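Worksheet: the structure to be examined is printed underneath.
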Amino acid sequence: MSRFLSLAEAVESTIRDGDTVAMEGFTHLIPYAAGHEVIRQRRRHLTLIRMTPDLIYDQLIGMGCADKLIFSWVGNPGVGSLHRFRDAYENGWPGPIAIEEHSHAAMANAYEAGAAGLPLAVFRGYLGVDLPTVNPNIKHITCPFTGEQLAAVPAHRPDVAIVHALKADRAGNVLLEGIVGVQKEVVLASKRSIVTVEEIVEDFGPRSFNAVILPGWTVGAIVKVPGGAYPSYAQGYYKRDNAFYISWDKIARERETFLAWMKANVLEQGPEVFAKHVQRARAA
């Protein structure tokens, strides 16, 4: 059952060194505030899963939180490389990072299988491509009914899911709308979960046709963090800060500028800074 906690309490009670952690959100509702708290609490030796690792995973890897990354695309969207990820993979700084690369289809199916309690995902894919030659977790099986060759990958069953959502109600139910990605599946697939939200309400009110509601019994910790997805966006609350994604390329390119930025903007700040970021963006 869901519990209402502070962000520090939620991370301290939910995430342990060595855990497999999935922080999902597809362009929309990326859980930056929660990721920063993981960094502040200095979690180590994490295996990170994400369909599209972008800036928050660059920060986690650059601060030495992760030993492995499981993903299907990695980069700074619309800008270029993740320099902290590349430094870890190519040079072992601040520590080496192992990788396991998949397609988007494989990742989505692996989450779906994990949510269903299955050990593997089976789907059409990975025919005539090279990824199976470098990823031993990509297999092919023969359908016992049709004889068709199908791809198979292990189900994602993270220790912890972290997502950002729009609203939670007093009963602990959670509402997502807009581009929802695989947030529902990752929460259902994981042993424990943290959901940060823009606000806590008495009633969700009218919903859009693609609304997703996570019942309170599927959710672990709920934390109110206004602005918690910044610099990504939260539909109806604030827009994506495209300028920050561009500026990150320069910030993260060198180790010294990266560490200075992280010290000033993460290690010496708390989750309340995210609401201030959004207020400044709205004023601009």
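Because the structure is a prediction, the values reported are computed rather than measured. Throughout, residue positions are numbered sequentially from 1 according to the sequence presented.
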Which atom of [X] lies closest to which atom of [Y], heavy atoms considered:
| X | Y | answer |
| --- | --- | --- |
| E24 | P31 | O-CD, 3.4 Å |
| N109 | A121 | O-CB, 3.3 Å |
| A155 | G114 | CB-N, 3.7 Å |
| I49 | Y57 | O-OH, 2.7 Å |
| E37 | P271 | OE1-CD, 4.5 Å |

Can you find a pair of side-chain heavy atoms, one from [X] and one from [Y], that are under 4.5 Å apart?
| X | Y | result |
| --- | --- | --- |
| M51 | F71 | no |
| I162 | V21 | yes |
| I30 | I56 | yes |
| T257 | K250 | no |
| D87 | F258 | no |
| V212 | L175 | no |
| K68 | I99 | no |
| V11 | T14 | no |

Can you tell me how far the [atom1] atom of [X] sits from the [atom2] atom of [Y], to the nearest 0.5 Å?
| X | Y | atom1 | atom2 | result |
| --- | --- | --- | --- | --- |
| L176 | Q235 | CG | CD | 10.5 Å |
| R40 | L267 | CZ | CG | 8.0 Å |
| R170 | S2 | CZ | OG | 12.5 Å |
| F244 | S232 | CZ | OG | 11.0 Å |
| M107 | I70 | CE | CD1 | 7.0 Å |
| N173 | T218 | CG | OG1 | 8.0 Å |

Heavy-atom donor-acceptor pair, [X] side chain to [Y] backbone, under 3.5 Å:
| X | Y | result |
| --- | --- | --- |
| D169 | A171 | yes |
| D58 | R84 | yes |
| D67 | L46 | no |
| N76 | V79 | no |
| R157 | A189 | yes |
| S190 | S193 | no |
| R192 | V160 | no |
| D159 | T20 | yes |
| R253 | W248 | no |
| Y32 | G227 | no |

With a sphere of 6.0 Å drawn around [atom1] of [X], does it hold more than 12 non-hydrogen atoms of other residues, nucleotides or ligands?
| X | atom1 | result |
| --- | --- | --- |
| K184 | NZ | no |
| R42 | CZ | no |
| R124 | CZ | no |
| E199 | CD | yes |

For residues 128-174, the ring pair (Phe, Tyr, Trp, His ring centres under 6.0 Å) pairs (sequence neighbours left out) are Y111-H156
Test log, rule side-chain hydrogen bond (donor to acceptor under 3.5 Å, both in side chains), inputs D249 and H83: CA-CA 7 Å; D249 186 75; H83 299 295; 2.8 Å; yes
Determine, using the 4.5 Å side-chain heavy-atom cutoff (strictly less than), whether F4 and V201 are members of one ILVMFWY cluster. no
Residues passing the side-chain contact (heavy atoms from CB on, under 4.5 Å) test with S208, sequence neighbours excluded, are E177, N210, A211
Sorted by chain and number, sequence neighbours left out, side-chain contact (heavy atoms from CB on, under 4.5 Å) with A66 holds for L48, I61, I97
TODO: Go through the steps for Q149 and T142 under the test side-chain hydrogen bond (donor to acceptor under 3.5 Å, both in side chains), then give the verdict.
DONE: CA-CA 5 Å; Q149 282 286 104; T142 302; 2.6 Å; yes
Original post:
Is D19 salt-bridged to R16, going by a charged N under 4.0 Å from an acidic O?
Top reply: no
Under a side-chain separation threshold of 4.5 Å, the hydrophobic residues clustered together with W73 are none
Tracing side-chain contacts under 4.5 Å among Ile, Leu, Val, Met, Phe, Trp and Tyr outward from I179 reaches F26, Y233
Item to complete: Kindly determine whether H277 and Q279 satisfy side-chain hydrogen bond (donor to acceptor under 3.5 Å, both in side chains), including the steps that lead there.
Response: CA-CA 6 Å; H277 288 323; Q279 290 167 2; over 6 Å; no
Open item on the list: Can you classify the ring geometry of F274 versus H36 as parallel (below 30°), tilted (30 to 60°) or perpendicular (above 60°)?
Closed with: tilted
The complete set of salt bridge (Lys or Arg N to Asp or Glu O under 4.0 Å) pairs with one or both residues in residues 217-240, sequence neighbours excluded, reads none
